[in-house]
Amino acid sequence: MGQLKRLKKIRIHREGTHTLAGGLILLLIVNTALYFGLECKIPFYTVAVISLAIYGILVNFFRCPIRLFGQEDTEKIVVAPADGKIVVIEEVEENEYFHDRRIMISIFMSLVNVHANWYPVDGTVKKVWHQNGKFMKAWLPKASTDNERASVVIETPEGVEIMARQIAGAMARRIVTYAEAGEDCYIDEHLGFIKFGSRVDVFLPLGTEVFVKLGQLTVGNQTVIAKLK
């Protein structure tokens with residue numbers, strides 16, 4: 001019963017609708033051609049098994065769990081914007097917007113992770129911008145500044161500005177950002193989606209209390225990664 005309830009809370013993200021539909025049609029055409037075009041069915045069965053595996057990976061990638069943070073008090077709370085692993089916790093010089101030193105927490109998403117991204121804080125979107133760049137492996141330090149990326153600055157109700165940055169990886173070729181400057185945003189809402197392996201950085205003010213450590217796994221919109229001072 002518990003597994004059934006969990007499955008009911010999982011849906012397919014809208015960013016995957018066309019990809020999954022197109023992939024299904026393509027695989028059906030290929031497998032139908034093999035079935036009716038070859039007398040020996042061994043190639044058909046082989047390709048059919050591979051097709052099911054590939055399609056299963058795609059469905060898994062575009063799954064989108066319905067999650068609620070579950071705590072009424074979100075004041076100064078920073079939640080993980082993505083599923084994945086903490087690969088960076090360090091003080092860095094942020095020169096694109098803040099032009100000062102910030103605590104950067106980076107979450108790397110592998111192919112098996114959910115790739116929907118959530119807002120890490122409640123607040124108002126102050127600025128959104130996209131920058132073209134390279135497609136290096138997302139866990140590399142230079143990926144934060146050299147790879148294609150989209151940045152979202154959010155001001156919390158207490159007047160603290162933080163930034164979430166979606167970063168393309170070696171396989172990620174499309175970053176989708178739903179945030180628009182001037183709109184209110186909340187924990188539990190989707191910030192965007194990144195197609196295939198990628199990373200999300202969160203830039204926080206110095207003095208922020210960090211609750212996670214390197215190598216720790218995170219659950220988007222569930223794991224509390226920090227508390228603003």
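What you see is a predicted model; the values in this text were computed from it and never measured.
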Student: Are there over 12 heavy-atom neighbours, none belonging to K227, within less than 6.0 Å of that residue's NZ?
Tutor: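 Open.
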Student: Rounded at 0.5 Å granularity, tell me how far CD1 in I86 sits from CG in L214.
Tutor: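 These two atoms lie 8.0 Å from each other.
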Student: Find the distance between CG (L52) and CD1 (I54) and round it off to the nearest 0.5 Å.
Tutor: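 Rounded to the nearest 0.5 Å, the CG-CD1 separation comes out at 9.5 Å.
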Student: Give me the atom names and distance for the closest heavy-atom approach of V212 to V224.
Tutor: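 For V212 and V224, the tightest heavy-atom pair comes out as CG1-O, 4.0 Å.
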Student: Do you reckon I187 sits in the same ILVMFWY cluster as F193, going by side-chain contacts under 4.5 Å, direct or chained?
Tutor: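 No, I187 does not connect to F193 through the hydrophobic network.
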Student: Are Y55 and Y45 connected, step by step, through hydrophobic side chains (Ile, Leu, Val, Met, Phe, Trp, Tyr) whose heavy atoms are closer than 4.5 Å?
Tutor: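 The answer is no; the residues belong to distinct hydrophobic clusters.
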Student: Considering non-hydrogen atoms only, spot the tightest contact between V200 and N117 and give its length.
Tutor: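 For V200 and N117, the tightest heavy-atom pair comes out as CG2-ND2, 3.8 Å.
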Student: I42: which residues meet the side chain to side chain contact (heavy atoms under 4.5 Å, CB included) condition with it, sequence neighbours left out?
Tutor: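 Per chain and number, I42 pairs via side chain to side chain contact (heavy atoms under 4.5 Å, CB included) with C40, T46.
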Student: Answer yes or no: is there an ion pair linking R149 with E96, defined by an N-O contact shorter than 4.0 Å?
Tutor: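 E96 and R149: salt-bridged.
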Student: Does E180 have any side chain to side chain donor-acceptor pair (under 3.5 Å) partners at least two apart in sequence or in another chain, and if so, which?
Tutor: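 Applying side chain to side chain donor-acceptor pair (under 3.5 Å) to E180 gives none.
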Student: With side chain to side chain contact (heavy atoms under 4.5 Å, CB included) as the criterion, how do V128 and T177 come out once you've worked through the C-alpha distance, each side chain's angles and the decisive distance to 0.1 Å?
Tutor: CA-CA 9 Å; V128 181; T177 305; 4.1 Å; yes
Student: Can you give me the closest heavy-atom contact between I77 and V121, atom names plus distance?
Tutor: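 Heavy atoms of I77 and V121 come nearest at O-CG1, 3.5 Å.
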Student: Linking Ile, Leu, Val, Met, Phe, Trp and Tyr by side-chain heavy atoms under 4.5 Å, what else ends up with L217?
Tutor: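 Once heavy-atom contacts under 4.5 Å are chained together, L217 still belongs with nothing else.
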Student: Sorted by first residue and then second, give each salt bridge (charged side-chain N to carboxylate O under 4.0 Å, His left out) pair with at least one member in residues 204-226; sequence neighbours left out.
Tutor: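 Those involving residues 204-226 do not exist here.
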Student: Rounded to the nearest 0.5 Å, what separation is found between the CD1 atom of I225 and the CD1 atom of I107?
Tutor: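 Going from the CD1 atom of I225 to the CD1 atom of I107 covers 5.0 Å.
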Student: V78, I89: one ILVMFWY side-chain cluster at the under-4.5 Å cut-off?
Tutor: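 In one cluster: yes.
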Student: Given side chains that start at C-beta, do those of V88 and D201 come closer than 4.5 Å, heavy atoms only?
Tutor: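 A side-chain contact is absent here, since even the closest heavy-atom pair is not under 4.5 Å.
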Student: Could you tell me which non-hydrogen atom of I154 sits nearest to which non-hydrogen atom of G123, and how far apart they are?
Tutor: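 Heavy atoms only, the tightest pair is CG2-CA, 4.0 Å.
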Student: Quick one: list whatever passes side chain to side chain contact (heavy atoms under 4.5 Å, CB included) with E91, sequence neighbours left out.
Tutor: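 In terms of side chain to side chain contact (heavy atoms under 4.5 Å, CB included), with neighbours along the sequence ignored, E91 is linked to R101, L206.
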Student: Just to verify, what does S151 make a side chain to side chain donor-acceptor pair (under 3.5 Å) with, not counting sequence neighbours?
Tutor: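 S151: side chain to side chain donor-acceptor pair (under 3.5 Å) contacts with R165.
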Student: Could you list the residues that satisfy side chain to side chain contact (heavy atoms under 4.5 Å, CB included) with A164, not counting sequence neighbours?
Tutor: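 P120, L191.
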Student: For the residue pair W129 and M163, what are the closest heavy atoms and their distance?
Tutor: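 Closest approach of W129 to M163, heavy atoms only: CH2-SD, 3.6 Å.
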Student: Would you say the side-chain atoms of E93 and H99 include a donor-acceptor pair closer than 3.5 Å?
Tutor: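 No donor-acceptor contact under 3.5 Å links the two side chains.
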Student: Find out whether P205 and V160 are in side-chain contact, i.e. whether some heavy atom of one side chain is under 4.5 Å from a heavy atom of the other.
Tutor: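 P205 reaches V160 side chain to side chain.
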Student: Give the cluster check for V152 versus I103: same hydrophobic cluster or not, with ILVMFWY residues linked at side-chain heavy-atom distances below 4.5 Å.
Tutor: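 In one cluster: yes.
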Student: Locate the shortest heavy-atom distance separating Y119 from Y178; write the atom from each residue and the value.
Tutor: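 Closest approach of Y119 to Y178, heavy atoms only: OH-C, 4.4 Å.
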Student: Side-chain heavy atoms nearer than 4.5 Å, only ILVMFWY residues, links allowed to pass through others: does that put F44 and V47 together?
Tutor: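 F44 and V47: one cluster.
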Student: Does the Q166 side chain pair with the main chain of I194, one donor and one acceptor, at a distance under 3.5 Å?
Tutor: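 Judged by distance alone, no pair lies under 3.5 Å.
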Student: Using the test side chain to side chain donor-acceptor pair (under 3.5 Å), find all partners of T124 that sit at least two apart in sequence or belong to another chain.
Tutor: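 Side chain to side chain donor-acceptor pair (under 3.5 Å) list for T124, sorted by chain: D184.
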Student: Applying side chain to side chain donor-acceptor pair (under 3.5 Å), can you list everything that pairs with K126, at least two apart in sequence or on another chain?
Tutor: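 Counting only residues at least two positions away or on another chain, K126 forms a side chain to side chain donor-acceptor pair (under 3.5 Å) with E155.
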Student: Just list the side-chain donor-acceptor pairs under 3.5 Å for residues 21-37, sequence neighbours left out, or say none.
Tutor:
| from | atom 1 | to | atom 2 | distance (Å) |
| --- | --- | --- | --- | --- |
| N31 | OD1 | A48 | N | 3.3 |
| N31 | ND2 | L27 | O | 2.6 |
| N31 | ND2 | S51 | OG | 3.1 |
| T32 | OG1 | L28 | O | 2.6 |

Student: Holding to side chain to side chain contact (heavy atoms under 4.5 Å, CB included), I want the full list of residues that pass it with V92, two or more places apart in sequence or in another chain.
Tutor: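 Applying side chain to side chain contact (heavy atoms under 4.5 Å, CB included) to V92 gives E90, M104, F203.
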Student: Please confirm whether the backbone N or O of E148 pairs with a side-chain atom of N132, one donor and one acceptor, at under 3.5 Å?
Tutor: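 Between the backbone of E148 and the side chain of N132 there is no qualifying donor-acceptor contact (under 3.5 Å).
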Student: Measuring from atom CD1 of I162 to atom CG of L228, what distance do you get when rounded to the nearest 0.5 angstrom?
Tutor: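 Taking CD1 in I162 and CG in L228, the distance rounds to 7.5 Å.
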Student: So, taking the atom named CD in E189 and the one named CH2 in W118, what distance separates them when rounded to the nearest 0.5 Å?
Tutor: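 If we round to the nearest 0.5 Å, E189:CD and W118:CH2 are 13.0 Å apart.
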Student: Once you round to the nearest 0.5 Å, how far does CD1 of I167 lie from CD1 of I175?
Tutor: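 Nearest 0.5 Å value for the CD1-CD1 distance: 8.0 Å.
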Student: Which pairs with one or both residues in residues 72-83 pass salt bridge (charged side-chain N to carboxylate O under 4.0 Å, His left out), sequence neighbours excluded?
Tutor: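 Residue pairs passing salt bridge (charged side-chain N to carboxylate O under 4.0 Å, His left out), neighbours aside: R67-D83.
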